[in-house]
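Since we're looking at a predicted model, the values are computed, not measured. Numbers for residues simply follow the sequence, beginning at 1.
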Amino acid sequence: MEQVDVPIAMSTSLQPQTTNAPKLDVHIINKVTADRKAREFWIPIAYLLGFDKPSDVISDISDKQGKDGYKCLLDLLETWQRQKPELATIPNLIVALRHDNVKCEALAIDLEEFKASDNSTIRSQFQGSSVPTAHAPQVSGSTAVQIDLNSPPNHDIIYKVANKIGNDWKTLARSLPIRDQDAELQTRIEAIEDAERFDITKRCTEMLIEWAAFKLGATNRRLIECLEKIKPRGEEIAHELKHGASSTAYGSGDVSGKY
């Protein structure tokens with residue numbers, strides 16, 4: 001799917017962050033980057049996030065991430081967090097998604113419902129006290145990424161697993177905890193098996209993105225538990241995640257932390 005280019009800057013009304021304004025976190029970033037339309041419209045979205053020089057941000061991201069809409073949107077959101085922390089909130093993201101040049105209304109409604117829930121339901125599903133902010137994407141070099149077992153997998157972990165699981169990705173997909181009532185998610189994952197059939201890594205990446213974004217309770221702990229049942233490859237990946245072995249996924253940095 002081709003990216004949508006916007007030759008002129010757009011404007012929208014963004015509110016500076018207040019004490020109670022819900023911020024972006026791993027769950028929100030996973031949900032937004034899983035949306036195919038948001039990936040396609042990442043450039044118009046970039047013009048709506050309050051950057052001082054949005055064209056420079058877009059150019060920099062395009063140079064690093066190429067035409068991969070997922071990685072471009074991910075880089076954009078995390079650049080927004082770093083450069084404009086006072087604006088990087090869920091309400092402001094919803095404003096951008098509803099702009100006439102974007103019109104990601106379904107995603108905006110989804111985020112509205114999340115914001116209205118004050119995160120308490122989702123946090124209880126994760127069985128943890130907090131959901132950490134996702135780390136910035138890395139194109140080269142290395143950086144430490146701490147694993148919180150009770151938070152959803154971020155992009156570093158997803159890329160690491162997808163690059164190493166190989167033909168066992170379907171076994172992993174079928175072992176992930178998805179209840180009968182998660183029929184829509186199950187359908188989405190099954191559809192991935194028929195798409196992009198010549199790229200195993202891409203299919204696994206998309207599958208894990210869907211699981212992490214749409215399955216409440218999708219945590220690093222559950223992912224590691226499923227990997228440990230797939231011998232020997234999955235077991236080796238689980239060991240690396242728990243003990244911080246280096247990652248080669250898309251140039252990401254090391255994944256380290258305590259289990």
Interatomic distance, Cys204 atom SG to Lys164 atom NZ [nearest 0.5 angstrom]: 13.0 Å
Check whether Trp42 reaches the backbone of Leu76 with its side chain - one donor and one acceptor, N or O, closer than 3.5 Å. no
So, Lys71 side chain and Lys64 main chain: donor-acceptor pair closer than 3.5 Å or not? no
If we only count heavy atoms from C-beta on, is the Leu107 to Lys37 side-chain gap below 4.5 Å? no
Any idea which heavy atoms bring Thr219 and Asn150 closest together, and the distance? CG2-O, 3.6 Å
Determine the minimum heavy-atom distance between Pro54 and Ala46, stating which atoms define it. CB-O, 3.9 Å
Backbone N/O of Glu105 and side chain of Arg98: donor-acceptor pair under 3.5 Å: no
Looking at Glu113 and Lys31, does any basic side-chain N land under 4.0 Å from a carboxylate oxygen? no
Do you know the tightest heavy-atom contact between Asn220 and Pro153? OD1-CA, 3.1 Å
Do Ile90 and Leu24 have side-chain heavy atoms sitting under 4.5 Å apart? yes
If the threshold is 4.0 Å, N to carboxylate O, is there a salt bridge linking Glu225 and Arg221? no
Interatomic spacing from CG in Asn30 to CG in Leu208 - rounded to 0.5 Å: 10.0 Å
Report the distance from atom CD1 of Ile158 to atom OG1 of Thr33, rounding to the nearest 0.5 Å. 7.5 Å
Contact check, side chains of Asn92 and Trp80, non-hydrogen atoms, under 4.5 Å: yes
Give every residue pair that meets the salt bridge (Lys or Arg N to Asp or Glu O under 4.0 Å) criterion with at least one member in residues 46-57, sequence neighbours excluded. Asp52-Lys84
In sequence, state the C-alpha distance, the side-chain angles, and the governing distance for Leu176 and Leu223, and then conclude on side-chain contact (heavy atoms from CB on, under 4.5 Å). CA-CA 7 Å; Leu176 292 172; Leu223 176 59; 4.2 Å; yes
OG1 (Thr201) and CD (Glu206) are apart, to the nearest 0.5 Å, by 12.0 Å
Worked verdict on Val161 versus Leu241 for side-chain contact (heavy atoms from CB on, under 4.5 Å): CA-CA 9 Å; Val161 173; Leu241 291 176; 4.2 Å; yes
Could you tell me the separation between the CG atom of Leu48 and the NE2 atom of His99, rounded to the nearest 0.5 Å? 5.0 Å
Test item: Asp75 and Glu78 side chains (from C-beta on) under 4.5 Å apart, heavy atoms: no
Evaluate the ring planes of Tyr159 and His155, with Trp represented by its six-membered ring, and classify them as parallel (under 30°), tilted (30 to 60°) or perpendicular (over 60°). perpendicular
Could you grab the distance from atom OG1 of Thr205 to atom CG of Asp199, nearest 0.5 Å is fine? 8.0 Å
Do Thr79 and Phe51 touch side chain to side chain, with heavy atoms closer than 4.5 Å? yes
Closest heavy-atom pair, Trp169 versus Ile200, reported as atoms and distance to 0.1 Å, is CD1-CG2, 3.5 Å
What's the shortest heavy-atom distance between His27 and Ala212, and which atoms? ND1-O, 4.2 Å
Is a donor on one side and an acceptor on the other found under 3.5 Å between the side chain of Asn154 and the backbone of Ile157? yes
Side chain proximity check, Leu227 to Ile165, heavy atoms < 4.5 angstrom: yes
Do Ile45 and Leu77 pass the side-chain contact (heavy atoms from CB on, under 4.5 Å) test, and can you show the C-alpha distance, the side-chain angles, and the key distance before you say yes or no? CA-CA 10 Å; Ile45 292 172; Leu77 294 177; 5.5 Å; no
May I ask you to test the Ile237-Ile230 pair for a side-chain heavy-atom distance under 4.5 Å? no
Residues Gln81 and Ile29: closest non-hydrogen pair is OE1-CD1, 3.6 Å
Verdict with reasoning, Leu87 to Leu49, per side-chain contact (heavy atoms from CB on, under 4.5 Å): CA-CA 8 Å; Leu87 297 178; Leu49 299 183; over 6 Å; no
Residues which pass salt bridge (Lys or Arg N to Asp or Glu O under 4.0 Å) with Glu236, listed by chain and number, not counting sequence neighbours: none
